[in-house]
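Quantities reported herein were computed from a predicted structural model and do not represent experimental measurements. Residue numbers start from 1 in every chain, and the chains themselves are labelled A, B, ... in the order their sequence lines are given, proteins ahead of strands.
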2 protein chains.
Amino acid sequence: MRQETIQPVSDTSATQRTYLALRRLIVIGDIKPGEKLKIEGLRAKLHTGASPIREALSLLTSDNLVERIDQRGFRAAPTSQANFEEILALRCELEDMALRMSIANRSEAWEEDVVLSHHRMVRAKSRGDEDFEDMHKAFHLALLENCNSPILLKFCSQLYDLNIRYRYLAGSALNYKQRDVSKEHEGIMNAAIAGDVEAACEQLLNHYRKTGAFLVGLLDEADLA
Amino acid sequence: MRQETIQPVSDTSATQRTYLALRRLIVIGDIKPGEKLKIEGLRAKLHTGASPIREALSLLTSDNLVERIDQRGFRAAPTSQANFEEILALRCELEDMALRMSIANRSEAWEEDVVLSHHRMVRAKSRGDEDFEDMHKAFHLALLENCNSPILLKFCSQLYDLNIRYRYLAGSALNYKQRDVSKEHEGIMNAAIAGDVEAACEQLLNHYRKTGAFLVGLLDEADLA
DNA sequence: TACGCAAGCATTATCGATTTTTTTGGCATT
DNA sequence: AATGCCAAAAAAATCGATAATGCTTGCGTA
């Protein structure tokens, strides 16, 4: 009988798992903005050693989700209205840029990716799936994916995560006020696929600004810190 | 007699020192693009333990200077003409944006900072100081500093470092062909201080594009990897 | 009472050793 | 000659313990 190659204990490293777990905790607000991230506490919570934690925190620093203070440990990045507005403004600028480039390089393969990720998002939503948020992000990034500028894409992805954090902070109020977000998504997708740069960008930015304005309203009430 | 508080062994952490050292080695090209970064080797070279190295490398990952491959270690980010052109294009877009904002928020304090950092750069240059490169970066960032958008600033700073790496790769040929870079710097500074947005931005982008075109020429000859 | 100092405590940072995983090189088989 | 398999070596990842550092509290003094 064929000797089964020994299965690795896990297919990802402890650092990777810790990174994803911590990132999630911060983004969804389970770890509060400004909160001190004590190694010991996390070690217990995530069942792993100090090294993976430390490394994961270093990685999160680059994502602007964690602040590292030399000799004084780590803390979750603080939030503020100014920070939110900065993120919104940058997102509008950078995504506009990326979407224009993406459409300029338009190809059938890309159009298919966009349609596919949109479909998956819609499906996840109608099912009430856990991973709707992931699909939502995937859709938005798929739109930009074709821009042929990995660094720009990375910036957009980072900003997306920073932004979504505020969505969670604002609470579930958003779920009700569902506007016609689905329509907006469709509109963006269709314009993008049709190669209508101006329409696509205008709708995308509108989409962000509407959500943004709404969020600012909510954040005023809920205190951030 | 007043009891002297015990001096710390060093005023910065080993991680911080390692981070700066490694970053420098990569930017100036002492560590080649794509080169494997073995922990043991670096441990010996930098006289420190594995933990600080590992952490420093994680931090450099966020700067796009190091790639992390799960379970397979780290390597210096590879270079390519496409990558260089991407950096150049992004820099033009983002710095243009930042400079416009900076000028829009213009204040006396900021103008003084700009003048000061320019002076220091000129002085370092005339003296042939080691730290001319640092001063040069400081000057360019000072121009943008007033944009009131820390994240944008961070992006610009990152892109600056990525770009300068190519300058070093192209070799010292640049030192001779000194065009009239000093004039260009002055022009940018004066326009910025005078609040002439269009002139300042135009000159800044020209400055980058000229250097960029020149570099692309050199990079064609020298093989990058 | 307010201030400065110092000891004790909490936490971070670092090291050295161990465990896992990947890579390499040789050997047998087709 | 090429392929696949295994064992040995190299490297990365992780752990547990220790050293360094920052923070807090309580005491003595003015």
Side-chain angles (χ1 to χ4, degrees), chain A residues 1-23 25-26 31-32 34-62 65-78, chain B residues 1-23 25-26 31-32 34-62 65-78:
Chain A
M1 156 195 152
R2 190 175 155 282
Q3 162 77 27
E4 197 69 55
T5 44
I6 297 141
Q7 279 303 316
V9 172
S10 68
D11 53 351
T12 58
S13 60
T15 297
Q16 185 67 10
R17 269 176 290 131
T18 308
Y19 169 74
L20 293 173
L22 275 175
R23 175 209 188 82
L25 288 175
I26 295 173
I31 291 175
K32 300 275 180 306
E35 189 175 328
K36 186 99 212 297
L37 298 167
K38 297 186 197 165
I39 309 289
E40 267 312 303
L42 296 175
R43 214 195 56 64
K45 196 167 189 170
L46 301 173
H47 309 292
T48 183
S51 317
I53 303 248
R54 203 144 237 295
E55 235 170 281
L57 288 171
S58 294
L59 290 171
L60 285 165
T61 297
S62 42
L65 282 170
V66 163
E67 274 184 4
R68 173 203 194 79
I69 311 153
D70 203 49
Q71 226 89 358
R72 220 163 299 178
F74 302 85
R75 64 178 55 241
Chain B
M1 152 196 158
R2 187 177 158 279
Q3 163 76 27
E4 197 70 62
T5 44
I6 297 141
Q7 278 304 316
V9 172
S10 67
D11 53 351
T12 58
S13 60
T15 296
Q16 186 67 9
R17 270 176 289 130
T18 307
Y19 169 75
L20 292 174
L22 274 176
R23 176 208 187 83
L25 288 174
I26 294 173
I31 291 175
K32 300 273 180 307
E35 191 175 326
K36 187 94 214 298
L37 299 166
K38 296 186 199 169
I39 310 289
E40 265 313 302
L42 296 175
R43 215 196 55 64
K45 195 167 188 169
L46 302 173
H47 310 291
T48 181
S51 315
I53 303 246
R54 202 145 240 294
E55 235 169 280
L57 287 171
S58 294
L59 291 171
L60 286 166
T61 297
S62 44
L65 283 170
V66 163
E67 275 184 3
R68 175 205 192 79
I69 311 156
D70 202 47
Q71 225 89 355
R72 220 162 297 179
F74 302 85
R75 65 178 55 240

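- Protein atom CD of A:Gln71 is 20 Å distant from nucleotide atom P of C:dA10, rounded to whole Å.
- Remark: A:Arg68 pairs with A:Ser58, B:Glu55 by the side chain to side chain donor-acceptor pair (under 3.5 Å) rule, at least two apart or across chains.
- Here C:dT12 presents its C1' atom at 10 Å from CD of B:Glu55, a figure rounded to the nearest Å.
- Scored by the salt bridge (Lys or Arg N to Asp or Glu O under 4.0 Å) test, A:Glu35 finds no partners at all (sequence neighbours excluded).
- Considering only side-chain N and O atoms, B:Ser13 lies nowhere under 4.0 angstrom from the phosphate OP1 or OP2 of C:dT12.
- Of the listed nucleotides (C:dT22, C:dT12, D:dC23), D:dC23 has the atom at the smallest distance from the side chain of A:Arg72.
- With sequence neighbours excluded, no residue forms a side chain to side chain contact (heavy atoms under 4.5 Å, CB included) with B:Ser51.
- In this entry the distance linking CD of B:Glu67 with P of D:dA12 reads 15 Å, nearest Å.
- Here C:dT20 presents its P atom at 20 Å from CD of A:Gln16, a figure rounded to the nearest Å.
- Picking from D:dG22, D:dA11, D:dT14 the nucleotide with the shortest atom distance to the side chain of A:Thr15 gives D:dT14.
- Residue A:Ile39 contributes atom CD1, which lies 20 Å from atom P of D:dA19 at whole-angstrom precision.
- Looking at every heavy atom in both residues, A:Leu57 comes nearest to A:Leu42 through CD1-CD1, 4.3 Å.
- D:dT14 atom P lies 11 Å from atom CD1 of A:Ile53, rounded to whole Å.
- A:Leu57 comes within 4.0 angstrom of nothing in the nucleic acid, heavy atoms only.
- In this structure, B:Lys36 reaches the D:dA12 phosphate: one of its side-chain N or O atoms is under 4.0 Å from OP1 or OP2.
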Could I get a table of every N or O pair under 3.5 Å where one atom is in the protein and the other is in nucleotides 15-17 of chain D?
{"residue": "D:dC15", "atom": "OP2", "partner": "A:Thr48", "partner atom": "OG1", "Å": "3.4"}
{"residue": "D:dC15", "atom": "OP2", "partner": "A:Gly49", "partner atom": "N", "Å": "2.7"}
{"residue": "D:dC15", "atom": "N4", "partner": "A:Ser51", "partner atom": "OG", "Å": "3.3"}

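- Whole-Å rounding puts the A:Arg75 CZ to D:dC23 P distance at 10 Å.
- If you take CZ of B:Phe74 and P of D:dA12, they are 9 Å apart, rounded to a whole angstrom.
- In this structure, CD1 on A:Ile53 lies 11.0 Å from CG on A:Leu60, to the nearest 0.5 angstrom.
- Scanning for side chain to side chain donor-acceptor pair (under 3.5 Å) contacts around A:Thr18 gives an empty result, with sequence neighbours left out.
- With sequence neighbours excluded, the residues satisfying side chain to side chain contact (heavy atoms under 4.5 Å, CB included) with B:Glu67 are B:Arg75, B:Pro78.
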